[in-house]
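Values in this document were obtained by computation on a predicted structure and should not be read as measured data. Just so you know, residue 1 is the first one in the sequence shown, and it goes up from there.
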Amino acid sequence: MDERWYTMERPTSKYPKMSMSDRAAQFAPFAALTGHKEAVLEQQRITQTKRILSNEEKLEINEKIVEMVKLKSKCRITYFEKDQKKSGGKYHTATYTFKRLDELNKTLIFKENVQIQIDDIVDIELLGQ
């Protein structure tokens, strides 16, 4: 064999030496399908379907809304919130203080800066002042 290979000096670089973590990052796994994991997780997320109320239930809710408007009281309200990405949505129960009724848009507006469509309400419990 040729002896010059054994006698040559190690080549030097004009660039600074790379740290071990930077060298390891070159060989780190990467996501070939970007967004795939998020899409799978979104597909697994469960939503609920909106319940259709009977006429009696709607009448009862309307009576409670009229009373709430008169008293401007606190209430515990259960309502359906439509999901932004999938069909269906989720039911929420929260306590709010009534502010006003938007009759044009059929919306209840609360002091906590929350607006709820009257058609999305499933139950209202008046709590008083």
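- How far CE of M68 is from OG of S73: 7.0 Å, rounded to the nearest 0.5 Å.
- A donor-acceptor pair is defined here as one N or O able to donate and one able to accept, closer than 3.5 Å; such a pair exists between the side chain of E57 and the backbone of S54.
- With rounding to the nearest 0.5 Å, the separation of CZ in R100 from CD1 in I109 is 3.5 Å.
- The aromatic rings of F98 and F110 lie perpendicular to each other, with more than 60° between the two planes, well past the 30° mark.
- Taking the side-chain hydrogen bond (donor to acceptor under 3.5 Å, both in side chains) definition, one finds that R76 meets it with E125, sequence neighbours left out.
- A heavy-atom distance below 4.5 Å is not found between the side chains of Y96 and K111.
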Could you walk me through whether L127 and T95 pass side-chain contact (heavy atoms from CB on, under 4.5 Å), step by step?
-> CA-CA 9 Å; L127 302 175; T95 302; 3.6 Å; yes

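- V122 and Y91 make their closest contact through CG2-CE2, 3.2 Å (heavy atoms, listed as atom of the first residue, atom of the second, distance).
- Under a cut-off of 6.0 angstrom, the local environment of CG in N105 is crowded, with over 12 non-hydrogen atoms contributed by other residues, nucleotides or ligands.
- Looking at D123 and I61, their side chains never come closer than 4.5 Å, going by heavy atoms from C-beta outward.
- Side-chain atoms of T47 come within 3.5 Å of backbone atoms of S87 as a donor-acceptor pair (strictly under, hydrogens ignored).
- Scanning for salt bridge (Lys or Arg N to Asp or Glu O under 4.0 Å) contacts around D119 gives an empty result, with sequence neighbours left out.
- The CD atom of E60 sits 10.0 Å away from the CG atom of L53 when rounded to the nearest 0.5 Å.
- Between V114 and L108, every side-chain heavy-atom pair lies at or beyond the 4.5 Å cut-off.
- With 3.5 Å as the limit, one finds a donor-acceptor pair spanning the side chains of Q117 and T107.
- A search for salt bridge (Lys or Arg N to Asp or Glu O under 4.0 Å) contacts involving K50 returns D120, not counting sequence neighbours.
- Counting heavy atoms from C-beta on, the side chains of K37 and V40 never come closer than 4.5 Å.
- The shortest side-chain heavy-atom distance between K90 and D83 does not fall under the 4.5 Å cut-off.
- Counting non-hydrogen atoms of other residues, nucleotides and ligands closer than 6.0 Å to CD of E103 gives a total of 12 or fewer.
- In this structure the side chain of E67 reaches within 4.5 angstrom of the side chain of L126, judged on heavy atoms.
- For K64 (side chain) and I124 (main-chain N/O), a donor-acceptor pair under 3.5 Å exists by modelled atom type.
- I116 is connected to V69 through a chain of hydrophobic side-chain contacts under 4.5 Å among Ile, Leu, Val, Met, Phe, Trp and Tyr, so both are in one cluster.
- No donor-acceptor pair closer than 3.5 Å links the side chain of E81 to the backbone N or O of H92.
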